[in-house]
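To start, the structure under review is shown below, and the notes come after it.
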Amino acid sequence: MSARAILLMIGKRLVALVVLIAILSFLVFSLVHIAPGTVVDAYLGGKPATPELVQALTERYHLDEPFLTQYWLWLRDALVFDFGESTLTTLPVTDEIGARLGPSAFLAVYAYLLTLILGVIPGVVAALRQRKTLDRGLVAGAVVALSTPPFVMGILLLYLFAVLVPVFPAAGLGEGFLDQLWHLTLPALALALCVAAFLLRHSRASMIKVLDQDYIMFARARGLSRRHVLVRYAFRNALIPVVTVSGSLLAFFFAGAVFVETAFSLGGIGELLVQATETSDMPMIQALAMLIAVLIVLANLLADLAYVAIDPRIRFEGRSA
Amino acid sequence: MSPHTERVPASGPPVLDIEDMRIERAGTGDPIVTALDLRLAAGESVGIVGESGSGKSMSAKALIGLLPEGVVAKGSARFDGENLLDLSERQWRTIRGRQIGMIMQDPFTMLNPVMRCGRILEESLLAQRRLSRAERRAEAIRRLAEVGITDETVVDRYPFQLSGGMRQRVAIAAALARDPQVLIADEPSTALDVVTQREVLALIKRIQEARGMALILITHDLRVAFATCDRIQVLYAGSLVEAGRADDVRERPLHPYSQGLLLSEPPADRRVRQLVAIPGSVPSAAEVRDRCSFESRCRWARQVCRDGEPPLAVVGDDRRSRCVRLPEIEAEMAALLSKAEEREDGPAGSRSDDALIDVVNIQKVFRSGGRTVRAVDDVSISVRAGESVGIVGESGSGKTTLARMLVGLESPTGGEIVIDGIPVRRWRDLTTNERRRLRRTVQTVFQDPYSSLNPMRSVGWALKEAIVTHDRGATGVERRVGELLESVGLSPGYARRRPASLSGGERQRVAIARALAVEPRVLICDEPVSALDMSVQAQILNLLRQIRAERGISCLFITHDLSIVRQASEYLYVMHLGKVVESGPTESVLDHPRDDYTAQLLSSVPRPEEQWLTT
Amino acid sequence: AGTGPAARKDPDGGPRPADTARSADPGKPVSDQHIPRLSLGIAGQITLVNPAENMGAGGLYANQLGLEPLLRIDAQGKLQPWLATEWKRVGDKVYEYTLRQGVKFWDGTELTSQDVKYSWDRLRATGSRRSAYFAPVDTVEAADTYTVRVRLKQPDASWQYTPAMWYSVVFQKKFAEQTGTKFGQPGTLLVATGPWKFDSLNPATGMELSAHAGYWGGKPRVDRISVKSFADDNSMALALRAGEIDLAPTVGGPTGFDAAAGGGTVTTVGTCATSLLSLPLQQAPWNDVHVRRAVAHAIKREDIVAATQGRAGGPESTLMSPLLLRTLGSEKEVKAALEEVETYPYDLKAAKAELARSSVPGGFRFTFKTIAASAPIAQVIAAQLKQIGIDLEIKVLTETAWYAELGGQNKPLTYFETGPCVPDPSWAALFLSTDKTGAPVGLNFAGYTKPEMKKLLADGLLEQDPQERLAIYAKVLEHLGEDVPYVPLYAEGNTYASIDYDLVEFGSFWSNMPWVLNVIPK
Amino acid sequence: MTEAAITTPQRLTGRRVRRRPPVLIALCFAFMALVLLMAIAGPMLAPHDPAQQDVLGSLAPPGAEHWLGTDGLGRDVFSRMLAGAQSAILGPLVIALASMVCGNLLGLLAGYRGGIIDSLVMRWVDLMVAIPSLLIIIVVAGALGGGYWLAVGLLIVLTIPTDARVMRAATLEQTPRPYVEAAKTLGVTDGRIMVRHIWPNIAAAAVANSVIIFAGSLVSLAGLSFLGLGAEPGTPDWGQMLSENQPLLFTNPVAIIAPGIAIALTATSVNLVGDWIYEKMSSRGAGR
Ligand SMILES: Nc1ncnc2c1ncn2[C@@H]1O[C@H](COP(=O)(O)OP(=O)(O)OP(=O)(O)O)[C@@H](O)[C@H]1O
Ligand SMILES: Nc1ncnc2c1ncn2[C@@H]1O[C@H](COP(=O)(O)OP(=O)(O)OP(=O)(O)O)[C@@H](O)[C@H]1O
Ligand SMILES: [Mg+2]
Ligand SMILES: [Mg+2]
């Protein structure tokens, strides 16, 4: 395998990624211009428009420059994580996001692990028990979970496990790792179930497809044990398409996190986004939109790389017949 | 033991003794295989021959204990004193791979795509043998050498980096890694090119003989079975209809079906006047329960044939047949066989000058992912009025690409095409009128009858569209649809049916009718029969021949099968790697090949002679 | 559980702690109980502690634990000593304050008049969000180490309360000068004199405070305070229920909060602030006084009070709460002064009759603009006006857009709460002010421009005699009663919630001092 | 030859599509019909005026008068549930139809013709994939001020490319099939090939996809209302009820559980029906 081919592929992906992010940044920047009122209004965020303040804002955001220059200057600042100050709190936007990143990251990682556990394992089990009661139950459950958006799931879980049978806390973040784990279980579940259902269907279908392949039959016919074939053959091959979708799962997570964080008041960046939209905190909205876009794009790149690592066919594409 | 089966002593003590094996769907009890008997002596090779769906693969799977869920096997299959059909999963462990090995049809799907060939071999080796890493690798390399792969780097390659033949060799090595006594080979060469096919079969034969291993070779190709096996079992719709020594069956088939199959195979060495086709198409085992399975298509069928399933009677030395009327019809069958031997001489005289299609130095280069493929490289051919031109060549030689350029589905990267006097290098530049004329001159019949008809549209709809597209003001469309259907041997009632309810042969007939709807002057047939069952192939070849005779249209017949091309064409081009390597009147090219490649192709055509697999 | 009028009493029938006056000496806690750690919950974020800059009521309440004003206002609106031991009006426009001696900052240095001058100058500088409150001030002087002298531009009766308010707190000059623009930011914080020092601040999660051992009132009995931020009432209630917080000093929707927190947790006290339905006088048909009167009659305050989910202290029918006027006279005097003021009790018949006399006798359609938080009240108002044929379409705006509308030319029909009040009736002038040309400015959202009003409001500040002032403000209310630019809806209330603790003297002015000193166990 | 005798071997070897128990599908259809009925006649069926406030009688528990109790403003939750079906159904219906028409058209063109349309659609899709559409809507609606029809409009714009992508992929799968090529060589016009040949073969995917879009946008719209960016306050809307009544989790949980379950159940039955339609329609052509 040539490392060059991989580097080339990564290089190409990176270029595409930079272009994509450039386009997104332009759209995000333009947000202040499509918002109702003047651009200064957008940056004022409801503060009285004293001449001094207007002057300061005009200077801060280069509002007297032509549109494209403004964009360029904005982008230059954005590249060093300077998105301006929140109109609501007057703090640098990046600081505020930094302070909020913790709970969101914890939630995201927790939910991601739950998703993998609740998605892949039952998916594989269902595929192995195809057409049995367990399979049907899992598949039906998956449709329900898939159709229940995180905020509804969150509220239902909240009602069931915090009100009816209060085993989990209804709000808050907790302190220390275990306490946080306990506090974030319901939100992470609410976030994970929908995506896990998607993953369950995906991995089940993929596993069924793989189990049907000739090479599985051939491996068995050669006398390899069932377990060996399941683990080394079926599971690994079934994982390939699962890995490819896992990158796009992150997009689901971000959308879902907005709702779950709101429903459980977790004070993460999802909630910050909602708060920023409610208060038209433009610099904050811009920074968050960029952050999320970049994270999603990077996650997709990672998924692609994982795909390359796990599936040799991609690696050798350039060379094989 | 079933009452009607008398055992015939086989050549040696059997390693595997199958008696009355039945395979059925667990839920409904629908049979898949109704009765299979087979006795396999050590070192012996038995061929199971049958058309698609006859239950060959299912039988193989039953014998290695890997029937799909919902399918069960009953009866007995004694191996080493135990009935294979009753074994538990735990007992199977000591048998699979170690006692009985299996290889399957498709080398492209049989090997784990994400595992290197070396790993595949190593993990197949017996686990008890504690070997170091290096030793395992050396063993893998040794095993590869046994199957004729001397390139050591293969152990570090992934399956998709190998050619089909190589993959099949790796698979064979893997299947033999635990040194089984019996090898079941389920169509091991079907997916391969003729040349590779011969190599792989020769390899299997060689190893079988060298190891003294018993072999069950499953194939749909009688010629392959004759050439490879000591004994033959013919399977039809799930039941064994005839069994006997290979030579005996070839010379004197004793069941109408075996005979029909034999006759419908176009001979490679001569042109026959007409192929003897079996009418209809293959039923499923469930449909022919409790009667002779071949009854519905048999020209000798009588009421007796419908009164219960006929027994498998001993009809000679190591010969069995399931035909109840055999004594009555044996003579008639023999007569038919000799009649089919008659050969027809190829058309005499030179080609006409009236070129309908003239292709000059045409080229097609595909570029994808940085690679360039010269699919068609500087090819010149011509098709004259009234003649049938054959193009033969192995897979990937550019035949289809050439045909597609002729009808504007692909545009050439160089060269010129003139059809009916119109230069058609770029279809886009043509006027509507010219295009219409071209469409009316050239029509196509595609390879795959299952997807060449729109599954959502009825047969009548498709034919009507073809008629109306070319003749907007057409009148009596319904009537013409009926006529078209009749001209391809279908009743007008078929107009209402959807493709899904048609058999492969019927679909191909409809596809031909659709092409004929515009009354073309040239019919391009791209492998029109290769997706069809053997017994149906002859029907279609006959139909094409009949249409040509009736309508006097030209034909460009593309195939990879030399025997078919001999029956279907008068002038022949041989293609190899995008180039025409040889051309000339079919008879003379096939009888006296001048090019090495043509000669190689010819020698690869399965034939019963011993030396087919050894040279 | 609920906070209706019935719940106004302690279960034992006695007055609630919230309604009792603070009895301890200045700087002393009301209760002697030692509390190692008190967790407070606030809805919203604390983003910084710079008193010239910060926003959001929640943050201000937390700030008040470390930052102190010179004086204290008691429940009756009377001034009491705090950092200053004495205060007097030495001239028409000159006030003098004598600082308590031995007041130590958190770093051990002593508070001097220099610090007060610096703090106030900084608070009244342009760009400070508090500059409007210091508008009457001409200069602040440090007369000697312990004397601060304030000179006003003109006599102003409302000034007397300013040194007791949350916006005139004192911090250390040295630290502020050293830290420059970083002053008050989460990483820097500030140095002040309050009983609890600011240890750390995280805008996302909250704030940590610890007892100031050298506090002038003696080391406070609460060792540590953590202030936790919550996104909304609901999560705060759940945290209270789960024991994660001990006390939430400010609750937006007491009924829902109480339910979520498990019941019996909330205490609400009415304040001197009045929430208002603002009618855009410049637009038809609101320029027709009959329409406005019709609306005023159609409003059923009880329902609106109920819809505030317990936040309201009770219905209110005048823009200036009687509580404000009580600083100018006795209950009887106030009552007498308000004799002539027209009010509009709920009376559908009267409302319809008024509307019939207007230009739109059959009713009309209009858009009611509001922010998400006020949507429930808006819905109730819409339902009530529908009964007399006025069809309101509710449009929810983002806060920015809403503020922009309020500041723009075409004022919206809307409803708002006026927020923390000052004990002087002049405070209400905020909603009535006009500029030199007579055009509405500031918070005059109704666009009320009656010429007489300007003079009355100016006189109210110049006049120092309470009796005279009462008469002036009664006159103001008479005009408002006649013209109805605003429909007063309810007295805004303060609510705290706790399972284990109560807050003493939880009146209109509770948050102007380090209020945790007023915590007592239940 | 009998009719049965001509079934193709492929038909038999091909995995039979597993039908879900029709009972379940029937239940789904029944539930969808119920929701539809509520959407059309909800306010008429409602025992109370869904907007009728009774502030002093708020937070009544479920009982004979108010089956699901009352909310914070004393409105009848059951009546609001009935009336809320309308905004739950109407927007998604518009979105599903609009994106089906535009998406199918674009997808067919992109898949069959390739070229500029194809690149445009794919770039558009790339953008959409980079940021989930809900986040885009939250941001844009946040900047513009929200509103039900704004959300519907944005969702249409954002779902068209995803629909187009699915249709493009389906078309790309059909285009190289011999039946399309046969039609081309017969001289059938491109338009006719797309509409009369290809579309019927991808209709199953098209319909199923629209059904999924319907369910998806139902959920998305509810979510936006939940965040206060969807339905105007006061309009009965399940998503809005969910957020309005969130403080009632302890006092009158039914008021919040009911709309949540309504959203989940509607989406579930729509999704199940979508799956079923897909299986049903794609087995109609059968064969390969
Ligand atoms: N998983 C299954 N369950 C039930 N029936 C099956 C299954 N797979 C195949 N069959 C049936 O078994 C019959 C025999 O299939 P089999 O694969 O053995 O045919 P074959 O002779 O190998 O044909 P081919 O030449 O096409 O490989 C077919 O008619 C098919 O309908
Ligand atoms: N669209 C395409 N893009 C790239 N390469 C192509 C394309 N179509 C065909 N080829 C390549 O062109 C070569 C010739 O293919 P073609 O289909 O014409 O062969 P063929 O002789 O018809 O083979 P077969 O017997 O398998 O049908 C092959 O190597 C194939 O991989
Ligand atoms: Mg087979
Ligand atoms: Mg081909």
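In what follows, chains are A, B, ... by sequence order, proteins preceding strands, each numbered from 1.
With a 4.5 angstrom heavy-atom cutoff, A/Met153 does not touch chain D via any of its atoms. Contacts between D/Ile138 and chain A at a heavy-atom distance below 4.5 Å involve backbone atoms as well as side-chain atoms. At a 4.5 Å heavy-atom cutoff, the contact between A/Ile23 and chain D is made by side-chain atoms alone. Interface residue A/Val144: backbone and side-chain heavy atoms are both found under 4.5 Å from chain D. If you measure heavy-atom distances from A/Ala263 to chain D, the contacts under 4.5 Å come from both the backbone and the side chain.
A salt bridge does not link A/Asp135 to A/Arg131: none of the charged side-chain nitrogens sits closer than 4.0 Å to a carboxylate oxygen. Salt-bridge check for D/Arg123 with D/Asp118: failed, with every basic side-chain N at 4.0 Å or more from each acidic carboxylate O. Between D/Arg75 and D/Glu244, at least one side-chain N (NZ, or NE/NH1/NH2) sits under 4.0 Å from a carboxylate O, which counts as a salt bridge.
Between A/Trp74 and A/Phe83, the ring-plane angle classifies as perpendicular under the 30° and 60° cut-offs. Ring geometry for D/Phe29 against D/Trp276 counts as perpendicular: the plane angle is over 60°, on a 0 to 90° scale with 30° as the lower cut.
Without hydrogens or angle criteria, D/Glu232 side chain to D/Gly147 main chain gives no donor-acceptor distance under 3.5 Å. Of the possible donor and acceptor atoms, one in the side chain of D/Asp237 sits under 3.5 Å from a partner among the backbone N and O of D/Gln240. Panel note: side chain A/Thr115, backbone A/Ala196; no donor-acceptor pair is recorded below 3.5 Å.
Your options are D/Val139, D/Leu229, D/Leu227, D/Asn271, and the one with the most heavy-atom pairs under 4.5 Å with chain A is D/Leu227. Ranked by heavy-atom pairs under 4.5 Å with chain D, the first of A/Val258, A/Leu295, A/Leu27, A/Ile155 is A/Ile155. Of the residues considered (D/Leu134, D/Val270, D/Leu135), D/Leu135 shows the highest number of contacts with chain A, using heavy-atom pairs under 4.5 Å.
Under the 3.5 Å distance criterion, with hydrogens and angles disregarded, no donor-acceptor pair is assigned to the side chains of D/Tyr148 and D/Ser225.
What you find for D/Leu68 and D/Asn252 is that their closest heavy atoms are O-ND2, 3.8 Å.
The stretch residues 157-166 of chain A places A/Leu158, A/Tyr159, A/Val163 near chain D, each with some heavy atom under 4.5 Å from a heavy atom of that chain. Proximity to chain A among residues 256-267 of chain D is limited to D/Ile256, D/Ile257, D/Gly260, D/Ile261, D/Ile263, D/Ala264, D/Ala267, judged by heavy-atom separations below 4.5 angstrom.
Between A/Phe29 and A/Phe67, the ring centre distance stays below 6.0 Å.
With rounding to the nearest 0.5 angstrom, the CD atom of A/Gln275 is 5.5 Å from the CZ atom of A/Arg100.
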